[in-house]
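Given the structure is predicted, the values throughout are model-derived calculations rather than measurements. All chains are named by letter (A, B, ...) in the order of the sequence lines, taking the proteins before the strands, and each is independently numbered beginning at 1.
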There are 2 protein chains.
Amino acid sequence: MDRIDRTILNLLQTDASRTNADLAGELGLAPSSCMRRIRRLKASGMIERIVAILNPAKVNRGIKAMVMVELERHGETWMRRFLEPLKDEPSVVQAYSVSGSTDVVMMLRLKDIEEFDTLSDRLFRDDANVARYTTLFVIRTAKETTFVPV
Amino acid sequence: MDRIDRTILNLLQTDASRTNADLAGELGLAPSSCMRRIRRLKASGMIERIVAILNPAKVNRGIKAMVMVELERHGETWMRRFLEPLKDEPSVVQAYSVSGSTDVVMMLRLKDIEEFDTLSDRLFRDDANVARYTTLFVIRTAKETTFVPV
DNA sequence: CTTGAAAAAAAGTGCCC
DNA sequence: GGGCACTTTTTTTCAAG
């Protein structure tokens, strides 16, 4: 993990569709060396995956909401029981258990308010272990990135 | 935008490193046809970018925190004045203005608590327009994806 | 043990139907 | 949407620092 590896990670986080030769050129490396480094970074698990990022508005998922959930019983088992099903909910893109008075925070991506209504019925109102939940709708997205500097 | 286009989007959101021929095979399409669709989806802006997703823990950004900020004056100008500088903060990966009693919610990715301390001093304590801020540290990540079903 | 150069294999491009 | 010749890129191999 030297400076070159870190640069590669930053470049690929910005644009992973660049060709190996192109990257190598920018880094002042031979294409084969650059490739070997990228492969190493993938094998070591630092690069988790290469994905396409879509424009949410253009694929009809323009509404973002954040929900803070307080559970009635917050032990490990109850927490797990609440979190596990969220993995199968396509509209839930992030779900965390957190410190503080709130137990769980989740980020939702929805088509419209009706979809929020249906989902919150299912996830919060119908769950006897949900003591309270607060929804914050996103008005404006100031920043949203997958980039973490290394 | 037919069913095939939607399938392509879902596949590329999961793994954008697959070859065109591979995708075409799975879709029962000729490589050239598949390629034409992908190019169309990029040109139309539905596919915004192709990026590498890193493992935060392995690149020393293991700590996640969510901060809810209430501003003293919440008019458009003050809001902008608070949000704009966040774009230049590498540790801030998401920042939204939201509905409700909180004005801004942001997601931070940090190396350690010290980094949080430094950052919160700079962003919140030194800003006279920040009335109150609450920090929720992420204990467990139950789900975290860039995938939005289409 | 890492790098660079060159050849072989694979994938992507563009134009035709 | 499919087919095909052409170009670019990736992968492998191997020699050198």
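- R18(A) and D22(A) are joined by a salt bridge, as a carboxylate oxygen and a charged side-chain nitrogen come within less than 4.0 angstrom of each other.
- Residue contacts for S32(B): at a heavy-atom cut-off of 4.0 Å it reaches a base atom on one of the strands shown.
- In this structure the side chain of E115(A) never reaches within 4.5 angstrom of the side chain of T118(A), judged on heavy atoms.
- What separates CG of N20(A) from C1' of dA11(C) is a distance of 14 Å, to the nearest Å.
- Nucleotide dC14(D) holds its P atom 14 Å from the CZ atom of R36(A), rounded to whole Å.
- The side chain of T19(B) lies closest to dG12(C) when the candidates are dG2(D), dG12(C), dG4(C).
- Look at CG on L27(B): it is 15 Å from C1' on dG2(D), rounded to the nearest Å.
- Under the 4.5 Å side-chain criterion, counting only non-hydrogen atoms from C-beta, V105(A) is not in contact with V67(A).
- Rounded to whole Å, the distance from CG on D22(A) to C1' on dT8(D) is 13 Å.
- Closest approach of V69(A) to F124(A), counting heavy atoms only: CG2-CE2, 3.8 Å.
- If you take CG of L23(A) and C1' of dT11(D), they are 16 Å apart, rounded to a whole angstrom.
- R39(B) comes within 4.0 angstrom of sugar-phosphate atoms only, judged by non-hydrogen atoms across all strands, and of no base.
- Residue I38(A) contributes atom CD1, which lies 16 Å from atom C1' of dT12(D) at whole-angstrom precision.
- Taking 4.0 angstrom as the limit, R37(A) places none of its side-chain polar atoms (N or O) nearer than this to OP1 or OP2 of dT2(C).
- Residue R18(B) contributes atom CZ, which lies 16 Å from atom C1' of dG12(C) at whole-angstrom precision.
- Note: CD1 (I8(A)) to C1' (dT3(C)) measures 13 Å, nearest angstrom.
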